[in-house]
There are 2 protein chains.
Amino acid sequence: MPSVTLKMIAKELSLSVATVSKALANSYEISDATKNIVLEAARKMGYIANPYASSLRKRRSKTVAVVIPEIADSFFAKVINGIEEVALFYGYHVLIYMTHESLSREQAIMQDFRSGRVDGILMSVSEQTDTVDHIKAVMDSNTPVVFFDRVREELPTTCIVTNDFESAFAATSHLISKNCRKIAFVGNSPALAINRNRESGYKAALKEHQITYENVLICGNDPENDYTILASLFRSDYRPDGIILSVEKLIQLLYQVCHDLNVNIPGQLKVLTFTNFAMAGFLNPPLSTINQPAYEIGKVAAQTLFKKLARTNHISEAESIVLPSEIIFRESSN
Amino acid sequence: MPSVTLKMIAKELSLSVATVSKALANSYEISDATKNIVLEAARKMGYIANPYASSLRKRRSKTVAVVIPEIADSFFAKVINGIEEVALFYGYHVLIYMTHESLSREQAIMQDFRSGRVDGILMSVSEQTDTVDHIKAVMDSNTPVVFFDRVREELPTTCIVTNDFESAFAATSHLISKNCRKIAFVGNSPALAINRNRESGYKAALKEHQITYENVLICGNDPENDYTILASLFRSDYRPDGIILSVEKLIQLLYQVCHDLNVNIPGQLKVLTFTNFAMAGFLNPPLSTINQPAYEIGKVAAQTLFKKLARTNHISEAESIVLPSEIIFRESSN
DNA sequence: TTTATTTACGAAACCGTTTTCGATAGATAA
DNA sequence: TTATCTATCGAAAACGGTTTCGTAAATAAA
């Protein structure tokens with residue numbers, strides 16, 4: 001039960017603690033013969049290093065944090081899969097934190113990271129995040145941050161994003177080509193670059209086709225309220241014939257609304273959605289999707305972070321890595 | 001940049017490190033006047049305790065681990081949501097580990113936990129897990145484990161499960177009542193109690209109705225292979241007219257198979273699935289589901305673990321907490 | 001042979017807390 | 001007046017590793 005320590009191995013072998021430590025670290029200072037003896041003893045005694053003692057002295061925890069709005073979303077779940085894959089490879093541990101779209105929670109989480117709990121941070125900011133002071137403070141304390149998906153480009157670090165502008169542009173153009181002339185766009189927070197980019201792509205496509213109907217809705221985090229917002233779309237004279245959803249969560253609500261109000265998809269409304277949703281092709285009707293490469297985003301984000309951690313010089317610059325999304329046209333937009 | 005330590009506060013205030021530490025811990029040994037002074041200085045200097053020093057000395061990390069097969073599954077994603085909610089409340093941090101259904105990965109992860117990295121563990125075992133030595137070893141080193149969903153009942157600890165037998169029984173009975181006489185059951189690993197319980201429920205219902213057709217398939221983790229297994233069902237004389245899926249991942253494959261082979265749901269095949277899938281009602285056809293209370297399972301599992309952690313005496317006993325699932329009948333089984 | 005260098009190891013400081021054990025001064029009790 | 005508490009604080013020993021630095025022996029260079 002009493003876990004075995006370096007000191008116990010040292011005593012067992014009549015060596016010093018320092019020697020045992022170095023032997024286990026495969027230091028050049030120790031002879032191969034001694035290393036073998038130590039390794040064997042450690043194995044036999046079932047030695048496992050205390051990570052907290054090690055982290056305290058080395059000032060590195062071999063731990064990274066993932067800060068996301070929430071996890072009940074296939075996108076973030078897949079991102080975490082990618083992150084975990086890479087972290088495992090590099091021997092890092094992964095702490096998970098959720099902001100639940102709350103800035104104050106995000107700030108509290110970031111505050112904690114100034115303790116050096118994690119070596120680096122992978123994050124996707126909350127909807128509410130309209131300041132970056134709390135993030136900058138962590139970066140200033142020498143903990144690198146890599147953003148993905150919901151990024152803040154004003155900070156000098158790497159952002160892993162997808163081609164949101166182009167995707168929204170292509171999606172909107174596609175709806176136009178399908179004879180939609182009143183296309184609505186539904187996003188969540190205008191504070192997020194990701195939403196602004198998609199909105200810009202949407203507007204650019206409208207402009208190119210000289211379409212004046214423009215309808216940008218902002219949904220929040222409250223399903224009931226969002227339902228009302230979506231439903232109101234179809235009760236007004238301003239009723240659209242096409243819609244682009246920027247948020248995965250809204251799919252269900254939109255399908256519900258259309259079901260409840262007898263809006264036929266794609267007959268009366270054509271739908272295209274940013275999502276990462278394996279079953280989209282089996283919905284009724286099959287949903288056209290803009291598939292973000294979630295798993296890849298997670299992998300690249302983690303790899304980028306570990307690259308930063310490996311480097312000693314910390315001249316981090318603002319930079320974007322763009323992984324293209326893939327649009328899959330299905331019946332909902334046909 | 002150099003993070004502020006207790007020593008710095010002590011020097012600043014001409015107090016001892018011990019006094020500062022105790023003041024911040026709100027110890028009765030320190031006068032209110034001194035506490036206020038210390039608190040104020042700590043706040044002003046931006047003190048954040050080093051968690052590794054603290055964990056090393058206190059032998060408690062305020063960290064728990066979640067060990068799951070994978071996360072790209074709405075069930076586990078929701079469970080984590082529940083866990084995180086409770087962990088936040090108790091001031092705990094959450095480490096995530098995925099086994100990817102591999103026993104050796106699971107063993108490696110458990111091995112690491114013998115270092116005392118985490119105070120407790122929440123886990124759902126892998127498909128391959130046919131031994132519990134690696135788990136027992138961690139429990140013996142005084143790190144409590146709470147199982148959920150995929151449990152191992154032979155260990156003296158708490159298991160959070162849902163009423164799998166009853167759900168499978170009810171689901172099978174329902175298909176029988178809809179005139180299915182050749183009902184297949186698809187699970188993953190027969191090593192898992194959860195699967196055995198569901199299979200037993202399925203068989204019990206068949207028996208009760210004196211139906212002799214019995215068809216238990218085992219799907220694995222390879223989509224292509226699983227597709228073949230499912231497809232072969234409909235090419236044989238043994239072709240079923242009803243099917244119960246024990247695994248969420250298989251939904252997409254089954255719908256694909258039925259689409260490819262022109263098997264009409266529910267006309268030629270009625271389907272009921274264990275899943276936790278918000279969009280099930282909007283699939284084509286709407287899918288009847290046995291909804292596990294994923295979020296609740298996560299919450300209860302975490303609460304149970306924290307209760308164990310709070311207690312000093314460690315007389316853990318085998319015990320099951322059953323949270324009932326809810327069956328929602330939709331068109332796929334009608 | 002002498003000197004310089006390399007090899008292999010150990011003593012001790014250190015990482016930043018927490019905790020034990022005194023110590024002191026003032027208050028209270030005997 | 002003396003003994004006993006009580007309240008408040010500090011010195012120092014943990015916690016279990018890592019790292020610096022010193023040293024003795026072995027080897028190489030002169």
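Just so it is clear: chains get the letters A, B, ... in the order the sequence lines come, proteins before strands, and each one is counted from 1.
If you take CG of L13(B) and P of dT8(D), they are 17 Å apart, rounded to a whole angstrom. Spacing between atom CD1 of I48(A) and atom P of dG17(D) amounts to 11 Å, rounded to whole angstrom units. In this structure, CG of L56(A) is placed 14 Å from P of dC14(C), rounded to the nearest angstrom. Between the C1' atom of dT19(C) and the NZ atom of K58(B) lies a distance of 11 Å, rounded to the nearest Å. Between the CZ atom of R60(B) and the C1' atom of dT17(C) there is a distance of 15 Å, rounded to whole Å. Atom CG in N50(A) sits about 13 Å away from atom C1' in dC15(C), given to the nearest Å. Nucleotide dT19(D) holds its P atom 12 Å from the CG atom of L6(A), rounded to whole Å. With rounding to whole Å, K11(A) atom NZ is found 13 Å from dA11(C) atom P.
S61(B) contributes no side-chain N or O that, together with a main-chain N or O of S55(B), makes up a donor-acceptor pair within less than 3.5 Å. Judged by distance alone, with hydrogens and angles left aside, the side-chain atoms of T129(A) form no donor-acceptor pair with the main-chain N or O of L103(A) at under 3.5 Å. The backbone N or O of S27(B) sits less than 3.5 Å from a side-chain atom of K35(B), completing a donor-acceptor pair. Judged by distance alone, with hydrogens and angles left aside, the side-chain atoms of E84(B) form a donor-acceptor pair with the main-chain N or O of M98(A) at under 3.5 Å.
Pairs engaging residues 120-145 of chain B under the ring-ring contact (aromatic ring centres under 6.0 Å, His included) rule: none recorded [sequence neighbours left out].
For the OP1/OP2 pair of dG16(D) and a distance below 4.0 Å, the side-chain nitrogens and oxygens of Y47(A) include no atom meeting the criterion. Within the 4.0 Å cut-off from OP1 or OP2 of dA11(D), not a single side-chain nitrogen or oxygen of S16(B) is found.
Side-chain N/O atoms of K62(B) and S54(B) include no donor and acceptor closer than 3.5 Å.
Residue side chain R57(B) reaches the base of dT18(C) through a donor-acceptor N/O pair under 3.5 Å, judged by distance alone. Between the side chain of K22(B) and the base of dG10(D), at least one donor-acceptor pair of N or O atoms lies under 3.5 Å.
Every residue meeting the ring-ring contact (aromatic ring centres under 6.0 Å, His included) condition with Y52(A), not counting sequence neighbours, appears here in chain and number order: Y52(B). Listed by chain and number, the residues in a ring-ring contact (aromatic ring centres under 6.0 Å, His included) with F76(B) amount to none (sequence neighbours excluded).
For the atom pair CG of D119(B) and NE2 of H93(B), the computed distance is 10.5 Å after rounding to the nearest 0.5 Å. Here T143(B) contributes atom OG1 and I135(B) contributes atom CD1; the two are 13.0 Å apart, rounded to the nearest 0.5 Å. The distance from the CZ atom of F147(A) to the CG atom of L122(A) is 10.5 Å, given to the nearest 0.5 Å.
Helix-axis bend for the helix from dT1(C)-dA30(D) to dA30(C)-dT1(D): the local axis fitted to the five terminal pairs at one end deviates from that at the other end by 50°, rounded to 10°.
For T19(B) and A53(B), each mapped to the nucleotide of DNA chain D holding its nearest heavy atom, the one lying further toward the 5' end belongs to T19(B). Comparing Y52(B) and A18(B) against DNA chain C, the residue whose closest nucleotide sits nearer the 5' end is Y52(B).
Backbone-only engagement by S54(B) is indicated by non-hydrogen atom pairs under 4.0 Å involving sugar-phosphate atoms exclusively.
Contact check of residues 24-45 of chain A against DNA chain C (heavy atom, cut-off under 4.0 Å) returns E29(A), I30(A), S31(A), T34(A). Contacts between residues 108-116 of chain B and DNA chain C, counted as heavy-atom distances below 4.0 Å, involve no residue at all.
Between R150(B) and E101(B) there is a salt bridge, since at least one side-chain N of the basic residue sits less than 4.0 Å from a carboxylate O of the acidic one.
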